[in-house]
Structures are given as structure tokens and as C-alpha cells.
Amino acid sequence: MEMIPLVKNILLLDSDGKRVAVKYFSEDWPTNQAKLAFEKSVSSKTKKTNARTEAEVTMFDNYIVVYKFVQDLHFFVTGGDNENELILAVVLQGFVDAVALLLRNNVDKTTALENLDLILLCLDELADGGNVLEVDPNVIAGKIASNGSDASAFNEQSIAQALATAREHFTRSILK
């Protein structure tokens with residue numbers, strides 16, 4: 001039987017260990033306090049490492065944590081102790097690269113907070129219920145960008161165009 005890789009959580013924290021965007025897929029941390037405590041402890045354990053050029057892997061509280069730092073943002077992917085760390089590293093790299101694409105390579109806390117909606121959509125595209133859905137950053141960014149362009153096209157429709165369309169539909173319905 002083939003095992004599907006499961007992710008316990010995906011975290012994006014600032015350099016002080018505070019939340020920017022997080023998504024938990026496991027009930028291993030049942031309360032918000034437990035989640036915050038995990039984030040604080042994993043941040044303090046990894047703070048002194050140099051995970052800027054490539055991802056680092058560590059074992060923490062019987063979880064495999066793969067992490068990478070980009071400027072003042074710290075990216076984490078957590079899996080169970082039986083998960084393959086290479087798969088977790090691929091998920092992490094997909095997350096980092098997709099965020100870089102969405103933020104146009106301006107990956108810092110301020111830009112991330114200004115575009116939090118894109119990052120949260122990125123988390124949704126990466127995994128659902130802990131199951132890894134997509135790791136290709138171009139596909140993730142493309143799906144998010146296509147969703148945004150549909151909304152912006154609707155917003156660009158002028159009121160006059162909307163009224164003309166409504167009048168046309170109304171006229172057709174009366175003539176029938």
C-alpha cells in the first residue's frame with residue numbers, strides 16, 4: 001500500500017518567531033496556546049542556524065521540521081517522525097519559491113503582510129488536510145494569479161457596461 005506524504009503544519013514566521021501566516025493540518029496542537037508555544041519553541045531552536053542558502057532539517061518534539069530563512073521571514077514545514085524529509089524539503093522549497101514569485105522576489109515581512117491574501121492562497125494550494133497537492137511554484141503562482149485576474153476583470157467593467165448588459169437582458173426577457 002502506497003503512503004501519501006502528510007504535512008502536520010506549514011509555518012511562515014518572522015525573525016522574532018511571531019506568526020505571519022500558518023496552517024495546521026493536525027490535531028497534535030489542539031489549542032491556539034499549544035500552536036503558539038510550538039511556533040515559539042521551534043523558532044528559538046532554529047534561530048541560531050544559518051538556513052539561508054538551503055533548507056535545514058531537524059528533529060523537534062518527535063517531528064521532522066524542515067526550514068529555510070529568507071531575509072526576515074522563516075519558512076517551516078513539519079511532518080511526523082516517519083515522514084520522508086526529502087518530500088518535506090520539496091514542499092518547503094515549493095512554498096518558498098511560490099511566495100517569491102507572488103511577491104516578485106521582494107520576500108520580506110512588510111511585503112508578505114501587504115500580500116497576506118496571496119500567501120494564504122499559496123498555503124491552500126500546497127496542501128489540503130495535510131495531503132500534499134502541489135509543489136511546483138510556477139503552477140501554484142499561476143493558479144493564484146488566474147484567480148486574481150478573473151476578479152480584476154470583473155472590477156474593470158464599467159457601470160455603463162453593466163447597465164447596458166442588464167438592459168439588454170431585461171429587453172430580451174420582456175420580448176419573449
Side-chain angles (χ1 to χ4, degrees), residues 5 7-26 29 32-58 60 63-79 85-157:
V7 174
K8 299 280 187 181
N9 63 42
I10 301 174
L11 311 173
L12 178 57
L13 307 176
D14 67 9
S15 56
D16 297 325
K18 299 219 173 23
R19 283 184 178 182
V20 175
V22 300
K23 189 155 186 181
Y24 284 83
F25 305 104
S26 169
W29 304 275
N32 194 40
Q33 288 82 8
K35 293 173 183 175
L36 290 170
F38 177 78
E39 293 163 18
K40 183 177 181 181
S41 58
V42 77
S43 176
S44 64
K45 178 174 179 161
T46 59
K47 186 175 267 191
K48 298 204 186 326
T49 62
N50 187 17
R52 299 218 176 263
T53 55
E54 51 186 58
E56 297 284 333
V57 180
T58 188
F60 182 74
Y63 299 105
I64 296 173
V65 179
V66 184
Y67 59 97
K68 185 173 184 175
F69 304 155
V70 179
Q71 293 188 28
D72 60 349
L73 292 176
H74 297 187
F75 295 80
F76 297 89
V77 174
T78 307
E85 55 270 357
L86 293 175
I87 292 175
L88 296 176
V90 168
V91 173
L92 175 72
Q93 196 60 51
F95 182 37
V96 171
D97 291 346
V99 168
L101 283 171
L102 292 168
L103 300 182
R104 294 179 180 89
N105 286 327
N106 189 14
V107 182
D108 61 26
K109 182 180 176 183
T110 305
T111 308
L113 290 173
E114 289 171 354
N115 295 284
L116 190 58
D117 56 336
L118 298 177
I119 293 173
L120 293 173
L121 287 171
C122 182
L123 289 171
D124 288 341
E125 293 294 333
L126 271 168
D128 184 33
N131 297 314
V132 178
L133 298 176
E134 183 64 63
V135 295
D136 184 346
N138 294 314
V139 172
I140 294 168
K143 285 181 181 178
I144 294 169
S146 69
N147 288 344
S149 67
D150 293 343
S152 65
F154 178 74
N155 291 336
E156 291 174 9
Q157 185 179 27

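Keep in mind that the numbers below use all heavy atoms, side chains included, and drop hydrogens, waters and symmetry copies.
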**OP:** Walk me through it: do Asn9 and Tyr63 pass the test side chain to side chain contact (heavy atoms under 4.5 Å, CB included)?
**Re:** CA-CA 11 Å; Asn9 63 42; Tyr63 299 105; over 6 Å; no
Donor-acceptor pair, side chain of [X] and main chain of [Y], under 3.5 angstrom:
X: Ser43; Y: Lys40; answer: no
X: Asp136; Y: Asn138; answer: yes
X: Thr111; Y: Val107; answer: no

Please report the interatomic distance [atom1]([X]) to [atom2]([Y]), rounded to the nearest 0.5 Å.
X: Cys122; Y: Asn115; atom1: SG; atom2: CG; value: 12.0 Å
X: Phe76; Y: Thr58; atom1: CZ; atom2: OG1; value: 10.5 Å
X: Tyr67; Y: Lys47; atom1: OH; atom2: NZ; value: 13.0 Å
X: Ser15; Y: Gln71; atom1: OG; atom2: CD; value: 11.0 Å
X: Glu85; Y: Ile87; atom1: CD; atom2: CD1; value: 9.5 Å
X: Leu11; Y: Leu73; atom1: CG; atom2: CG; value: 12.5 Å

Subject >> Whether Phe38 and Tyr24 hold their rings parallel, tilted or perpendicular, with breakpoints at 30° and 60° >> reply: perpendicular
Original post:
Given the rule in the side chain to side chain contact (heavy atoms under 4.5 Å, CB included) test, do Phe25 and Asn131 qualify, once you have shown the distances and angles that lead to the verdict?
Top reply: CA-CA 9 Å; Phe25 305 104; Asn131 297 314; over 6 Å; no
How close do [X] and [Y] get, heavy atom to heavy atom, and via which atoms?
X: Ile140; Y: Ala98; value: CG2-CB, 3.9 Å
X: Ala112; Y: Val20; value: CB-CG1, 4.2 Å
X: Ala89; Y: Val66; value: CA-CG1, 3.8 Å
X: Leu101; Y: Pro137; value: CD1-O, 3.6 Å

Close side-chain approach of [X] and [Y], heavy atoms under 4.5 Å:
X: Phe95; Y: Lys68; result: no
X: Glu114; Y: Leu103; result: no
X: Asp124; Y: Lys23; result: yes
X: Glu56; Y: Thr46; result: no
X: Thr78; Y: Phe60; result: no
X: Leu12; Y: Ile119; result: yes
X: Leu120; Y: Leu123; result: yes
X: Val7; Y: Val77; result: yes

**OP:** Quickly, which of Asp72, Asp16, Asp14 forms a side chain to side chain donor-acceptor pair (under 3.5 Å) with Lys109? Name it, please.
**Re:** Asp14
Original post:
Of Arg19, Lys45, Lys18, which is the lone residue that meets salt bridge (charged side-chain N to carboxylate O under 4.0 Å, His left out) with Glu39?
Top reply: Arg19
